[in-house]
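The structure appears below as structure tokens.
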Amino acid sequence: DHIKKGDFLAACGNSGRSPEPHIHFQVQSTPFIGSKTLDYPLSHYISETSGRKDYHFFDYPREGALVQKTEILKSVSKAFHLLPGQILRFKISGSNELDRIESWEIKTDYFNNSYFDCVENRAKAYFVNDGNVFYFTNFIGNRKTFLFRFFIGAHRIVFHVDDEIKYEDEIPLHLYSNSLYRYFNDFIAPFYNSMHLYHRSSITTYEASDNKATVNSKIEENRFGKSIAGMKFYIEVEENKIVSCQYNYKNKSITAECID
């Protein structure tokens, strides 16, 4: 049979000589009994081993791990559910910044890739939202825009909320820096990669409101194992919409308020 996402496959049962209720999931190279079993990744899940919880993205559960599905925070998921033709307009203000307006229109290209298009500043930020996680894949154009800061700050947002789990990713250096040091690192990278850019994120929820949340991100530049720079980025979500963003770096703070 051909199946698709969302199809019901099986119920949890306890047939045969199984010690406890379970679902048997197996992928084979051919439909015949005794065929080779193939490793098959699960798209999104939470594992717990020795009291430690971890989030996994297209990974293979380890033997002995307790596995559970992700619980999606709907308010944040809906805020990042961006459709072609939608326009986000922000009023930008803050340290050494002239008040200005940036407009981002959601578009798709010939290959059905979604992206933010900041027409007035000639910048594009490509993204994916699979319902469990929002993440950026590429940036093209003017890096002095707030869209570029949003690209770095919201590089990967997992919609699952759990205070025990820390979400961490590494941003490709060519999407972040054009500094001379980065080119030096590119030269020595086949022997030793001395430069990294880590992105860590979490979501804060509020008991008083089910429709309000804050996405918190910390971006850390690391050289030779030493942290040399840290940025913080906050995205406020309310009533299933992005209402504001804030970028903090050293003594610089820039705010973008959504005006539509």
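In this chain, residues are counted from 1 in sequence order. Owing to the predicted nature of the structure, the values given are computational and were not obtained by experimental measurement. Just so you know, these numbers use all the heavy atoms, side chains as well, and skip hydrogens, waters and symmetry mates.
Under the 3.5 Å distance criterion, the side-chain polar atoms of R156 are matched with a main-chain donor or acceptor of E168. Proximity of a side-chain donor or acceptor of R143 to a complementary backbone N or O of G141 within less than 3.5 Å is not detected. A donor-acceptor contact shorter than 3.5 Å is absent between the side chain of H199 and the backbone of E170. At distances below 3.5 Å, not a single donor-acceptor pair connects side-chain atoms of D117 with backbone N or O atoms of E105. Side-chain atoms of S77 never come within 3.5 Å of backbone atoms of F159 as a donor-acceptor pair (strictly under, hydrogens ignored).
Clustering ILVMFWY residues whenever any of their side-chain heavy atoms sit less than 4.5 angstrom apart, transitively, puts Y234 in a cluster other than the one holding I259. I72 and F57 are members of different hydrophobic clusters when ILVMFWY side chains are connected at heavy-atom separations under 4.5 Å. A continuous path of Ile, Leu, Val, Met, Phe, Trp and Tyr side chains, each step under 4.5 Å between heavy atoms, connects I254 with I235, placing both in one hydrophobic cluster. Residues F151 and Y115 are members of separate hydrophobic clusters, defined by side-chain heavy-atom contacts under 4.5 angstrom among Ile, Leu, Val, Met, Phe, Trp and Tyr. Tracing side-chain contacts under 4.5 Å through hydrophobic residues (I, L, V, M, F, W, Y), one reaches F187 starting from F224; they form part of the same cluster.
Within 6.0 Å of CZ in F32 there are 12 or fewer heavy atoms belonging to other residues, nucleotides or ligands. Other residues, nucleotides and ligands contribute over 12 non-hydrogen atoms within 6.0 Å of the CD atom of Q86. Within a 6.0 Å sphere centred on CG of D7, heavy atoms belonging to other residues, nucleotides or ligands number more than 12. Enclosure of atom CG in L66 by more than 12 non-hydrogen atoms of other residues, nucleotides or ligands within 6.0 angstrom is indicated. The neighbour count for K53 NZ, taken as heavy atoms of other residues, nucleotides or ligands under 6.0 Å away, is above 12.
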Could you walk me through whether R182 and H174 pass the side-chain contact (heavy atoms from CB on, under 4.5 Å) check? CA-CA 8 Å; R182 198 215 90 190; H174 73 279; 3.8 Å; yes

Starting from the C-alpha separation in whole Å, work towards a yes-or-no answer on ring pair (Phe, Tyr, Trp, His ring centres under 6.0 Å) for F116 and F150. CA-CA 11 Å; F116 292 89; F150 185 78; 5.8 Å; yes

For a side-chain contact (heavy atoms from CB on, under 4.5 Å) check, start with the C-alpha distance between R100 and F146, then their side-chain angles and the critical distance, and finish with the verdict. CA-CA 10 Å; R100 68 181 192 278; F146 194 84; 4.2 Å; yes

Residues D162, Y55; criterion side-chain contact (heavy atoms from CB on, under 4.5 Å); working and verdict: CA-CA 10 Å; D162 192 322; Y55 166 79; over 6 Å; no

Taking it one step at a time, do Y206 and T214 satisfy side-chain contact (heavy atoms from CB on, under 4.5 Å)? CA-CA 9 Å; Y206 302 91; T214 303; 2.7 Å; yes

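A side-chain N or O of S35 and one of T30 form a donor-acceptor pair less than 3.5 Å apart. Counting only N and O atoms by type, the side chains of T37 and Q28 include no donor and acceptor under 3.5 Å apart. A donor and an acceptor atom, one from each side chain of N185 and S194, are located under 3.5 Å apart.
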Distance-only donor-acceptor hits, side chain of residues 121-136, under 3.5 Å, sequence neighbours excluded:
residue : atom : partner : partner atom : Å
N129    : OD1  : G131    : N            : 2.9
N129    : ND2  : F80     : O            : 2.8
D130    : OD1  : N132    : N            : 2.9
D130    : OD1  : V133    : N            : 3.0
D130    : OD2  : H44     : NE2          : 2.7
N132    : OD1  : T70     : OG1          : 3.0

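Counting heavy atoms from C-beta on, the side chains of Y247 and I219 never come closer than 4.5 Å. Annotation: side chain of V215 is not in contact with side chain of F233 (no heavy-atom distance under 4.5 Å).
Residue H56 holds its NE2 atom at 4.5 Å from OH of Y45, rounded to the nearest 0.5 Å. N138 contributes atom CG, which lies 5.5 Å from atom CG of L175 (distance to the nearest 0.5 angstrom). To the nearest 0.5 Å, atoms CD1 (I165) and OG (S202) are separated by 11.5 Å. Note that the CE atom of M195 and the OH atom of Y176 stand 6.5 Å from one another [nearest 0.5 Å].
Other members of the cluster containing I87 do not exist, because no ILVMFWY side chain is joined to it at under 4.5 Å. Hydrophobic cluster membership for V243: none, as no Ile, Leu, Val, Met, Phe, Trp or Tyr side chain comes under 4.5 Å of it.
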